[in-house]
Amino acid sequence: MIRAYAWNGPFEKAIDLYYEMVESGVRPTKYTYPFVIKACSALQDVENGVEIHEHVKRKGLDGDVYICTGLVDFYAKCGLLVEARQVFDGMCQRDIVAWNAMISGCSVNGLYLEMMGLVLEMQENGLTPNSSTIVAILPGIAEANKLREGKVVHGYSMRRGFVNDVVVDTGILDVYAKCGLLNYGKRIFRVMSIKNEITRSAMIGAYVTCDSTQEGLELFEQMRMEEDIGSPSPVMLATVVRACAKLNDLEKGRKIHGYTVKLRSNLDLMVSNTLLSMYAKCGRIDDALNFFEEMNLKDSVSFSAIIAGCVQNGHAEEALRIFQKMQLSRVDPESATVMGILPACSHLAALQLGVCTHGYSIVRGFTEDISICNALIDMYSKCGKIDIARIVFDKMNKRDVVSWNTMISGYGVHGRGKEAIQLFYNMQTVGQMPDEITFIGLLFACSHSGLVAEGKYWFFRMCEEFKISPRMDHYLCMVDLLGRGGLLDEAYRFIQNMPCKPDVRIWSALLAACRIHKHIILAEEVSNKIQYLGPESLSNFVLLSNLYTTAGRWDDAAHVRVKQKDSGFKKSPGCSWIEINGVVHAFVGGDRSHPQSAKINEKLKELSTEMKKLGYSAELSFVYQDVEEEEKEQILLYHSEKLAVAFALLNLDPSKSILVAKNLRVCVDCHSTLKYITLITKREITVRDASRFHHFRDGICSCGDFW
DNA sequence: TTAGGGTTAG
């Protein structure tokens, strides 16, 4: 009976019967164990499997080849490779089934090298791979994207006559698809005489993986019409939902959602996790959140998906709230959860949580993963700790292009252009090819550190030597570089010579440069161009009005502001936030609703008095409202970054430096005020604004007033 | 044999 259940399910019954047998005093024989272990393996039931292993040891049956083979398979299927290997190594005699179980374990757990090593070893031991061996290694080859090895195995299978078997052919189809050879996959699919549901799922998945997503959906519809598939499996539905997400096709996604409800497949955890992710990827975070709340069963994938979804849709605080819930519900964070949390920390400049997540990642062994380290580098960099980011970078055993790009961009936003360039040289020394994102980081770094000649040089080499054709982002960096450097005419000529039509951002960069260098005539011309281009952005009104004010042309400034009002542009409120003891506190300019508001105001007034003694006078041109001078000073005093800094001075341990993040660019008055505050309080203050970092210390800022 | 959650810039 146990044997019957172990073969055909329900597997739980096999295990229940085994325990019933033991409790009723009937002694299981060595013929019982392989079956009950097979049931544990099918269910991935670690607890019972381990206990039954203990029974086996007590009975002294741990030398039996069939039982041990079963145990190797059980541990491998449960992802416990170390235990699987222990049993495997302990076997004095191994048949091909044992080798295949061990190989399969490595294959599905992503241990490609170990897997290939075992295949060689088994041949050295006089065993020839059979079709089960081939079936076992194909997923590993597919996962590792080893096209050459895939072709070798394909050829071997043909010579040995393993092909024309639905399981082998489906595996080979999948290898070609994962390696990007969609046409090979299509050909195999076409000539297969017998196809099962898994083959069809694999083919749809192949289209999705190879960016022929629409064709994948068409194939699914065609199969549905031709009734090749009666009721699609959860795996197929998940693949189709993923296709909708990839195409951003919400309407289609909703239809499939309805279909899964009809089939009751929406109760399947994998399907519901994919649906959840589909809503988030289509930008419907509210739908995703509602769906998440309504899920009866949630696992770590559900949490990871909603956390990542929140961050992608700009709701980092919500992501952290859900992360807390996850910990309360005792679902262990996986590496993909950490992958969602780290960008949330980056966005919120939540260093303490970032550091905790780093610690957790080390304990769980996630820091072996390149992507996790890349996310850590970004987190430290965006939380103001560029030197710690560098330590993480240096400690990595292997780096990919993202690691280098993240580090180079990090140096860029911190205004450490020379280090960005040095790192770019190192990158070439180790043979890592830069991509277009590398150059965005490098050019940004040059422009924000005033390295005009270097920027021009690298832009030239990017085009000529690296054969990367510049994108709008690269042109933007160059206009910014030339403009900030005071080469306004050259920047203008550069724009005119661009092979593509410059967008609003390009002209805005030039306008911003006009403001820095007080070039009114060019500013007016550029401003006209922007208006002609439309839609105008708010920053253009602000820049122009600001420029007129600085030049004392009050009427013109007022005229621009009226026009801004008439066009319906409203300045989005400045918002700053700061993390204290792991809690993020947010402040909006002029906001007096904070519980500590009175104390904060008092602190600011006190600082203002001290500052005036040191020679500070308010930069009133940054207030746009039509109000009296004294009132203008008051408005400036309550800019969000000042509120956040005052709050930090009141609540943060004096030994700690202050890190404030802001959604907009820091204004000239705040910039100057913060310098004075570091003089008065002897505290270090770092501000991350919408464009870069400002490290204030002893009355000076790391940006050299150049931003 | 198919499969759900993920890093850089903008």
Side-chain angles (χ1 to χ4, degrees), chain A residues 104 107-108 131-132 134-139 142 165-175 177-178 192 195-206 208-209 232-242 245 268-278 280-281 298-309 311-312 333-343 346 366 369-379 381-382 399-410 412-413 435-445 471-474 476-477 503 505 690-691:
Chain A
S104 170
S107 179
V108 296
S131 79
S132 298
I134 300 304
V135 169
I137 62 175
L138 287 172
D165 170 280
V166 64
V167 182
V168 173
D169 290 352
T170 303
I172 294 171
L173 186 167
D174 186 54
V175 167
K178 293 250 166 65
M192 278 171 77
K195 301 175 180 109
N196 61 17
E197 222 262 354
I198 296 176
T199 317
R200 295 183 232 280
S201 292
M203 193 62 234
I204 296 173
V208 181
T209 309
S233 69
V235 174
M236 186 179 279
L237 289 168
T239 308
V240 172
V241 173
R242 189 162 63 94
D268 182 277
L269 197 51
M270 189 209 309
V271 173
S272 51
N273 286 340
T274 319
L275 283 166
L276 167 64
S277 170
M278 183 272 295
K281 284 190 180 131
K298 299 180 179 92
D299 66 356
S300 79
V301 176
S302 330
F303 278 101
S304 306
I306 192 70
I307 287 170
V311 179
Q312 283 153 6
E334 289 299 321
S335 72
T337 323
V338 168
M339 218 49 165
I341 287 301
L342 287 173
S346 301
F366 297 157
D369 184 334
I370 297 181
S371 308
I372 294 277
C373 289
N374 294 346
L376 282 167
I377 294 170
D378 190 55
M379 183 276 293
S381 162
K382 293 223 169 83
R399 302 177 189 93
D400 62 9
V401 70
V402 179
S403 325
W404 292 92
N405 291 353
T406 312
M407 199 61 227
I408 289 173
S409 302
V413 289
D435 63 9
E436 47 181 29
I437 296 174
T438 318
F439 283 98
I440 294 174
L442 187 67
L443 296 174
F444 184 95
R471 258 176 26 187
M472 202 58 88
D473 301 276
H474 299 104
L476 185 60
C477 287
D503 68 4
R505 293 178 306 156
S691 140

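- One can place CH2 of A:W404 at 18 Å from C1' of B:dA9, the figure rounded to the nearest angstrom.
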Quick tally for nucleotides 1-6 of chain B: nucleotides whose base has a protein heavy atom under 4.0 Å get B, sugar-phosphate-only ones S, the rest -, giving BBBBBB
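- In this structure, A:L342 places its CG atom 10 Å from P of B:dT8, rounding to the nearest Å.
- At a threshold of 4.0 angstrom between heavy atoms, the contacts of A:F444 are confined to the sugar-phosphate backbone, with no base atom among them.
- The CD1-C1' distance, from A:I341 to B:dT7, rounds to 14 Å in whole Å.
- Legend: residues meeting side chain to side chain donor-acceptor pair (under 3.5 Å) with A:D473, ordered by chain and number and at least two apart, are A:R471.
- Remark: A:T199 pairs with A:T170, A:N196 by the side chain to side chain donor-acceptor pair (under 3.5 Å) rule, at least two apart or across chains.
- With sequence neighbours excluded, no residue satisfies side chain to side chain donor-acceptor pair (under 3.5 Å) with A:T274.
- Residues satisfying the ring pair (Phe, Tyr, Trp, His ring centres under 6.0 Å) test with A:F303, not counting sequence neighbours, are A:F292.
- One distance of note links CD1 of A:I198 with OG of A:S201; it measures 7.5 Å at 0.5 Å rounding.
- Taking the side chain to side chain donor-acceptor pair (under 3.5 Å) definition, one finds that A:T239 meets it with nothing, sequence neighbours left out.
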